[in-house]
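Note that the structure is a prediction, hence the values are computed from the model and not measured.
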Amino acid sequence: MLFGNRPTGVEWLVVGLGNPGEKYARTRHNMGFLTLDLLAEREHIRIDRIKFKATTAQATLSGRRCLLMKPQTYMNLSGEAVREAAQFYKIPADHVLVIYDDVSLPVGKIRVRPSGSAGGHNGIKNIIAHLGTDRFPRVKIGTGAPGEGGDMIDWVIGEPSQADKKILLDSLDRAIAAAESIIENDGDCQKAMNRFN
């Protein structure tokens, strides 16, 4: 292509995972959506353009042009939206940054990883399947796990307690800072890992 290989110059996909619809809006499984909502509020933008089976918006983070994405396919098919956008903008997997909930971490704990398995998370499992690699950076937000005998599905699509909501609100803030650090360092997660893990 005459002017480079990336239409409109998008360099990064920043994907927040969740489930669409009011029923799921404030649930533990929607930490990715909630992080992008907070980011959009700060940037004075709306993530409302329907494209690639997702609601999207463009934003500049750490000086890089990013497409913010909230896949609307439901969690288990998140990879469909991610693959379509990555193919369209010719974004390599190491510039696909995914933000999502993690039941294996304590409530509010942030963990940055440059790659890795799905760890039982169906949204990540589907993204790995569609990208054909697990080598993409991610920011996980701990939601804790249900107590002994608790149902995992009810837990992830349930709303956190008031006390946990306060902790999680602070963690969304840190998740944004971690994402910005990864982008600023061109996908090198080390500084973000040192600071947030």
Quiz prompt | Sole residue of Lys53, His130, Gln72 in side chain to side chain donor-acceptor pair (under 3.5 Å) with Glu80 | solution = Lys53
Quiz item: Any idea which heavy atoms bring Ile183 and Cys66 closest together, and the distance?
Solution: CD1-SG, 3.9 Å
Quiz item: Can you list the steps and then say if Phe33 with Tyr100 is a ring pair (Phe, Tyr, Trp, His ring centres under 6.0 Å)?
Solution: CA-CA 8 Å; Phe33 275 18; Tyr100 63 102; over 10 Å; no
Self-check item: Side chains of Leu61 and Trp12 in contact at under 4.5 Å (non-hydrogen atoms)
Solution: no
Quiz item: Is the shortest distance from a Lys or Arg side-chain nitrogen in Lys165 or Glu159 to a carboxylate oxygen in the other one below 4.0 Å?
Solution: yes
Exercise. State, with a plain yes or no, whether a side-chain heavy atom of Val107 is found less than 4.5 Å away from one of Leu168.
Key: yes
Quiz item: Looking at Tyr24, is Arg26 sitting on its ring face, NZ or CZ under 6.0 Å from the six-membered ring centre and within 45 degrees of the normal?
Solution: no
Practice problem: State, to 0.1 Å, how close Ser171 and Ile141 come at their nearest heavy-atom pair, and which atoms those are. | Solution: OG-CG2, 3.4 Å
Quiz item: Would you say Leu38 and Ile176 make side-chain contact, with heavy atoms under 4.5 Å?
Solution: yes
Quiz item: Within 45° of the axis and under 6.0 Å from the centre of the six-membered ring of Phe196, does NZ or CZ of Lys191 qualify?
Solution: no
Quiz prompt | Heavy-atom donor-acceptor pair, Asn126 side chain to Asn76 backbone, under 3.5 Å | solution = yes
Quiz item: Would the number of heavy atoms belonging to other residues, nucleotides or ligands and lying under 6.0 Å from CD1 of Ile153 be above 12?
Solution: no
Quiz item: So does Lys109 pair up with Asp102, basic N to acidic O under 4.0 Å?
Solution: no
Self-check item: Any donor-acceptor N or O pair under 3.5 Å, side chains Thr60, Arg65
Solution: yes
Quiz item: If you look at every heavy atom in Ala57 and Ile47, which pair is closest and at what distance?
Solution: CB-CA, 3.8 Å
